[in-house]
There are 2 protein chains.
Amino acid sequence: MVDETTYQLPRYRELYEQLRRHIEEGIYGPGDLLPSENELCAVNQVTRPTVRRALDLLANEGYIKKHQGLGSVVQNPPKGIGILSFSGTTSAIGKDNLKTDAIVKPYVMPWPDQFIFDLTDTERESGCIYFERIRYVNEIPVFYDLSYLPNINLPRFTSRNLNNASLFDILREHYRIEIKGGMQYIEAIPATENCQKHLGVDPEKPILKLQRKMETNRLDFFVYSILYCNTEEHSLYGEF
Amino acid sequence: MVDETTYQLPRYRELYEQLRRHIEEGIYGPGDLLPSENELCAVNQVTRPTVRRALDLLANEGYIKKHQGLGSVVQNPPKGIGILSFSGTTSAIGKDNLKTDAIVKPYVMPWPDQFIFDLTDTERESGCIYFERIRYVNEIPVFYDLSYLPNINLPRFTSRNLNNASLFDILREHYRIEIKGGMQYIEAIPATENCQKHLGVDPEKPILKLQRKMETNRLDFFVYSILYCNTEEHSLYGEF
DNA sequence: CATTACGACTTGTCATTACAACAAATTTTA
DNA sequence: TAAAATTTGTTGTAATGACAAGTCGTAATG
């Protein structure tokens, strides 16, 4: 069986990707007005609802602000790491500055006791694939990431190389699993022993802890992760 | 001039509020399917685009999950405080459990040096209205909130009573200012002196710091706030 | 009995049209 | 000259119609 990664993206998604690229490449700079919705319709041969869906995506991620009667204004790129939006950590920082190190390779184990999220019987019975990664921003360890996947229909996953590869990309390309969204709990905690070791911080150093449950296009297939962030140099940002 | 607070909510917003009430009142319980989009169209005398906008709002706030081919499934209410979504802190917890204490009453002062957000010349020149509040959840102080409003066109604001009143409600009812969205930076820090005093925590206790810039329906009018959260008992949650 | 195929129903995408609400520039008016 | 009204262009809301894609139960099939 071939990978067959030629998904047909919806048109509003294509337009979104195109506009996002244009903004990131500086073709539209901060403060600029995007072409009006009607212009975008004419240029791209689509109708306004399609254009508006694309613009809504851009607005939700903070690339633009829409103003009735005025237009869509391109925003300044934010200073922090946009890990709170649906796109993965990788795209939030830019691949150049991000290195990933799989310090614990994926292996199958039972789910932890007192797992914060509720598990279905199917998930509980099949156990989980577990691995740990550290993510470096500009050579400095910022994220310490524990991942939990249900051990269902993921052939050869435990032998894959996760270094410098986005987990989301692997799931999409090899297993046709797309992350659609999710929810997360956020709290501030003192650095645990592992945090001290892997993030190189002192005990009692405040650490941001994110516990996430992500949905996929497979019904009843969720990806879980616990993220410890050292926010001293890089704060996180999000839209709301 | 009279207050004239009779806004005409758009129909998708009305439908959203209605469905949200139904979910919160338990008319639709976790795991239940909402009526199909076509049914909602027929019952409420609107068309599918309108219904879908309402459902999208519910989905973005985690009340439902939509599944193609299946329907809209009502979700379990999350355990944390949903402060990361666009609805204000008040509605995120439920007014019964939330008490607000204005420990520093609003007064006019110049903007702080090194304010984290960029200010326009107009904002900078007119100074800011500043006040501090503590928010209690179940009688325990959880939020320590510093607010900054530009001192533009807000008559009598400094003499208003902010105790047990939502800032957003006051802005909407008396000044016709609606919060439309915003962005925030999140980091974990050791408890500052004021945090220790007002949140009743030890030094070096990890505290969640949120710095927020909120947009309104007034072009170029923003509301700023710095929120310190003790997440030991109540972690924050959000959708993404 | 197990498997497959089909149909009914659901949400997802997209084109089309119309009008309302708002911002900014222009023109008119005082 | 300055203020008010108008015009133009923009995004916001909404109705309508059509088809694609996914889920699930049921009937046909082997």
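Chain naming here is simple, since letters A, B, ... match the order of the sequence lines and numbering starts at 1 in each.
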A:Asn217 has an atom CG; how far is it from atom C1' of D:dG22, in whole Å?
11 Å
Assign a letter to each nucleotide of nucleotides 12-21 of chain D from its 5' end: B, base within under 4.0 Å of a protein heavy atom; S, sugar-phosphate only; -, no contact.
BBSBB-B--B
Calculate the interatomic distance between B:Ile64 atom CD1 and C:dT10 atom P; express it in whole Å.
15 Å
When the distance from NZ of B:Lys65 to C1' of D:dG22 is rounded to whole Å, what number comes out?
19 Å
Would you mind reading off the distance between A:Leu219 atom CG and C:dT11 atom C1', rounded to a whole angstrom?
13 Å
Please list each protein N or O that sits under 3.5 Å from an N or O in nucleotides 2-6 of chain C, with the distance.
none

B:Asp220 atom CG is separated from C:dC22 atom C1', nearest whole Å, by 14 Å
With B:Gln184 via side-chain hydrogen bond (donor to acceptor under 3.5 Å, both in side chains) - residues at least two apart
B:Arg212
Salt bridge (charged side-chain N to carboxylate O under 4.0 Å, His left out) pairs touching residues 40-60 of chain A, sequence neighbours excluded, are A:Glu37-A:Arg48, A:Glu37-A:Arg52, A:Asp56-A:Lys66
Closer than 4.0 angstrom, basic N to acidic O: yes or no for B:Glu17 and B:Arg13?
yes
List in chain and number order the residues that pass side-chain hydrogen bond (donor to acceptor under 3.5 Å, both in side chains) with A:Glu14, two or more places apart in sequence or in another chain; answer none if no residue qualifies.
none
Any residue meeting ring pair (Phe, Tyr, Trp, His ring centres under 6.0 Å) with A:Tyr148, in chain and number order, not counting sequence neighbours
A:Phe115, A:Tyr130
Would you please name every residue forming a salt bridge (Lys or Arg N to Asp or Glu O under 4.0 Å) with A:Lys65, sequence neighbours left out?
A:Glu239, B:Glu215
Calculate the interatomic distance between A:Glu39 atom CD and D:dT10 atom P; express it in whole Å.
6 Å
Taken to the nearest whole Å, CG/A:Asn44 to P/C:dT13 is 18 Å
Hey, is the main chain of A:Glu123 close enough, under 3.5 Å, to the side chain of A:Trp111 for a donor-acceptor pair?
yes
What is the distance, rounded to the nearest whole Å, between atom CZ of A:Arg218 and atom P of D:dG22?
14 Å
Applying side-chain hydrogen bond (donor to acceptor under 3.5 Å, both in side chains), name anything that partners B:Asn151, two or more places apart in sequence or on another chain.
none
Using the side-chain hydrogen bond (donor to acceptor under 3.5 Å, both in side chains) criterion, which residues pair with A:Lys213? Sequence neighbours excluded.
none
